[in-house]
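Okay, structure first, notes after.
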There are 2 protein chains.
Amino acid sequence: MMSGKPAQKVTNVDAVAVDDRSVASRLFAILDAFAAPAGATSLTLTLTAIAQRAGLPLSTTHRLVAEWVSWGGLSKHENGQYSLGMKLWELGVQTPTARNLRTIALPYLEDLYETTREHVHLAILDGRDALYLEKLSGHHVVRLISRVGARLPLHSTGVGLVLLAYAPTDVVQEYLATSLQRFLPRTVTEPEAVRKRLAEIRLMGIARMSEEMTAGSSSLAAPIRDRTGQVVAAVSIVTRTTDTVDPEQEQAVRLAAQGVSRALGYRRAQQ
Amino acid sequence: MMSGKPAQKVTNVDAVAVDDRSVASRLFAILDAFAAPAGATSLTLTLTAIAQRAGLPLSTTHRLVAEWVSWGGLSKHENGQYSLGMKLWELGVQTPTARNLRTIALPYLEDLYETTREHVHLAILDGRDALYLEKLSGHHVVRLISRVGARLPLHSTGVGLVLLAYAPTDVVQEYLATSLQRFLPRTVTEPEAVRKRLAEIRLMGIARMSEEMTAGSSSLAAPIRDRTGQVVAAVSIVTRTTDTVDPEQEQAVRLAAQGVSRALGYRRAQQ
DNA sequence: CAGGCGCTTCCGTCCAGTGGAAGTTCTTGG
DNA sequence: CCAAGAACTTCCACTGGACGGAAGCGCCTG
C-alpha cells in the first residue's frame with residue numbers, strides 16, 4: 001500500500017487498461033465472434049477477423065484458437081479459415097431443453113406439416129426473444145427469416161406473442177417497457193394494444209398474426225404446456241397471407257400443440 | 001508413499017504430478033464431463049460430480065463452472081444441478097455442416113418419412129463413427145438406439161456401411177485393422193467379408209442390413225454426394241425385419257439420397 | 001443435535017498466460 | 001521477376017491471474 005507519492009510505479013502508464021478479462025472469457029469471446037451477426041452467413045472467419053471481433057491481440061488469439069481447434073470447438077479449413085466445430089454441435093444437441101422438447105415435439109410437427117404443407121415452427125422464450133428450436137419447411141421456394149437457432153422478437157411473431165401471452169407478468173412488463181420495433185405498417189408496437197392482444201390470445205388459445213414481420217406472410221400459433229400446466233413453448237405455421245381465415249388450419253395448429261402438451265404430460269385442467 | 005518420517009514439510013513435492021493442463025483444457029474437461037456416457041441420460045451433474053469426472057479439485061471446478069454459467073455454456077438449476085446450456089445449442093446449430101446439410105436435406109427426409117412411415121436417418125462420417133445428424137420417427141413406440149448426436153459403428157449400421165464404402169481407402173484400411181464388435185449373430189465382422197460388402201454397396205448404390213445392430217430391425221441406406229461427386233453423408237430407413245425385400249422402399253431411399261445430392265449441386269457424372 | 005456431506009469463499013504462492021516483436025509464408029501489383 | 005505488404009506463426013521475459021488447500025457455511029440425516 002504505497003502511501004504519499006501518487007504511485008509512480010504505474011509504469012504501464014495510463015490509458016493501458018490492461019484488459020482484465022479472465023482466460024475463460026477470452027476463450028468465450030472467440031466463440032462469440034462467430035455468433036455475432038443476426039441473419040449473416042459469415043460462419044467462417046480468418047484468424048485476424050476473430051482477433052478483431054473478440055478484441056484480442058493476434059498472438060493471444062492464435063494460441064487460444066489453437067486450443068479450441070485441438071478440442072474440436074473450432075475447426076480449421078484448408079484455406080486457413082475457421083468455423084465452429086462439430087464438437088459444439090454434439091454437445092449442443094445434448095442440451096436438455098433441445099433434446100427433450102425437440103424429440104417429443106418432432107412427430108407432432110411432422111403431422112402438422114403433412115396436413116397443412118406450411119412452414120412449421122417450434123420456439124421457446126429465452127430472455128427477450130423467441131428462440132427457434134425447430135423448423136420444418138418442405139421444398140418451398142419462399143424464404144423466411146426464421147431458421148433453427150434464430151432469435152426473433154416476441155411482439156412481431158406468432159410464436160413470440162403466444163410465449164409473451166403466457167409469460168410471468170414481470171416479463172411482459174419489462175418487455176413492453178422498451179420501445180418495440182415496427183417492421184411493417186401492420187406491426188403492433190403500442191404497449192396497450194399489445195396487452196389487449198395478449199389477453200385475447202389467452203382467451204382464444206391461439207394467436208393470429210398478419211404481415212407484421214414479413215410482407216406477404218401470416219401465422220397461426222398455439223401454446224405448448226408441460227405437466228405443470230405452464231406454457232413452455234409454442235408451435236406455429238406460417239402461411240401466405242390470404243383474405244379468409246382457414247378454420248382447418250387453426251384446428252391443425254391447436255391439435256399439434258395439444259399433442260405435444262399431452263406428450264409432455266399435460267392433462268387438461270378440470271374446467 | 002510416506003518414507004520414514006511422515007513427511008512434514010514435504011507438503012507437496014514428489015508424486016504430485018501438478019497437472020500441467022492449460023486453463024482451456026480444464027474448461028473443456030468440464031464440458032466433456034457432461035458428454036461421457038453413450039446412451040446415458042445423465043445430462044445433469046452436481047458440482048462434485050463434475051469435479052470428479054473432470055479430474056479437477058473442487059475449488060477449481062467451482063470457479064471454472066461459474067465462468068461457464070456466466071457465459072451460458074452451462075446452466076445451474078434450482079436443485080443445484082448443472083446441465084449444458086442453451087448457448088451451446090445456439091452455437092452448435094450454427095456449425096456449417098450441421099446447418100447446411102440439415103437444412104438442405106430435411107425436406108427430402110420428410111418426403112421419405114411420409115412415403116415409407118419408417119424411421120429416417122441422416123448421418124455423416126466422423127472419425128471412426130457414423131454421426132447421426134438427423135432422425136425422423138413419427139409416433140412409433142419402437143425405440144431405436146440412434147438419436148440425433150449419437151455415434152454408432154460403421155460396420156453394423158446401414159448409414160455407416162455406406163459411408164465406409166465410399167470413404168478413402170486408408171480410412172477403410174485403418175477401420176478394418178481393428179477388431180470389429182459383434183452385436184448380434186448376423187453382424188459381419190470379418191474384414192474380408194466387410195470389404196466384399198463394401199464393393200457390393202458401391203456397385204448397387206444401396207446398402208441392405210439385417211439384424212446386425214438391433215434384433216428385429218433392418219435398414220436400407222444410400223449415399224449422398226456433393227457437387228464434387230464426393231459422398232458426404234448417407235440416408236437410411238430402419239424397418240422391422242421381414243422376409244421379403246420391398247423394392248418400393250429401396251426406390252424411396254434412393255430417391256431421397258438423389259434429391260439431397262441434387263440439392264447439394266451434384267450432377268450425375270456422365271455414365 | 002452431532003456428524004457428515006457438499007457447496008462457497010478466502011488468500012498466499014507461483015507459474016502459465018500474455019502480447020510485443022521478430023520471423024515466416026502467402027498475396028498482390030508494379 | 002522482385003518488392004512491398006498482409007496474414008500467420010513462433011519466441012520469450014515478465015507478471016498478474018489462476019490455483020487449490022483450508023476454513024467457513026448450510027443442509028440434510030440418523
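The sequence lines fix the lettering, A, B, ..., with proteins before strands; numbering per chain opens at 1.
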Inset, instruction - For the pair A/Arg202 (side chain) and A/Ala165 (backbone), establish whether a donor and an acceptor sit closer than 3.5 Å, ignoring hydrogens and angles. - result: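 Flag set: sc A/Arg202 to bb A/Ala165 pair under 3.5 Å.
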Legend entry - Donor-acceptor under 3.5 Å (B/Asp226 side chain, B/Gly229 main chain):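 Checked: pair present.
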Calculate the interatomic distance between [X] atom [atom1] and [N] atom [atom2]; express it in whole Å.
X	N	atom1	atom2	value
A/Leu45	D/dA7	CG	P	14 Å
A/Glu67	C/dG17	CD	P	7 Å
A/Leu47	D/dT9	CG	P	6 Å
B/Asn79	D/dC27	CG	C1'	14 Å
A/His62	C/dG17	NE2	P	15 Å
A/Leu58	D/dA6	CG	C1'	11 Å
A/Gln81	C/dC26	CD	P	16 Å
A/Gln52	D/dA7	CD	C1'	11 Å

Legend entry - Short N-O contact, B/Arg102 and A/Glu134, less than 4.0 angstrom: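 So B/Arg102 pairs with A/Glu134 through a salt bridge.
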Inset, instruction - Give the ring-plane orientation class for B/Tyr175 versus B/His155, where under 30° counts as parallel, over 60° as perpendicular and anything between as tilted. - result: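 Ring orientation of B/Tyr175 relative to B/His155: tilted.
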Inset, instruction - Just say parallel, tilted or perpendicular for the rings of A/His121 and A/Tyr132, cut-offs at 30° and 60°. - result: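 Aromatic pair A/His121/A/Tyr132 classed perpendicular.
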According to a strict under-4.0 Å criterion, is [X] in side-chain N/O contact with OP1 or OP2 of [N]?
X	N	answer
B/Arg63	C/dT8	no
A/Arg26	C/dG17	no
B/Thr46	C/dG6	no

Inset, instruction - May I ask you to verify whether the side chain of A/Ser59 and the base of C/dG20 hold a donor-acceptor pair under 3.5 Å? - result: yes
Inset, instruction - Give the nucleotide from the list C/dT18, D/dC19, C/dG17 with an atom nearest to the side chain of A/Thr60. - result: C/dT18
Inset, instruction - Would you kindly compare A/Val23 and A/Ala49 by the position of their nearest DNA chain D nucleotide and give the one closer to the 5′ end? - result: A/Ala49
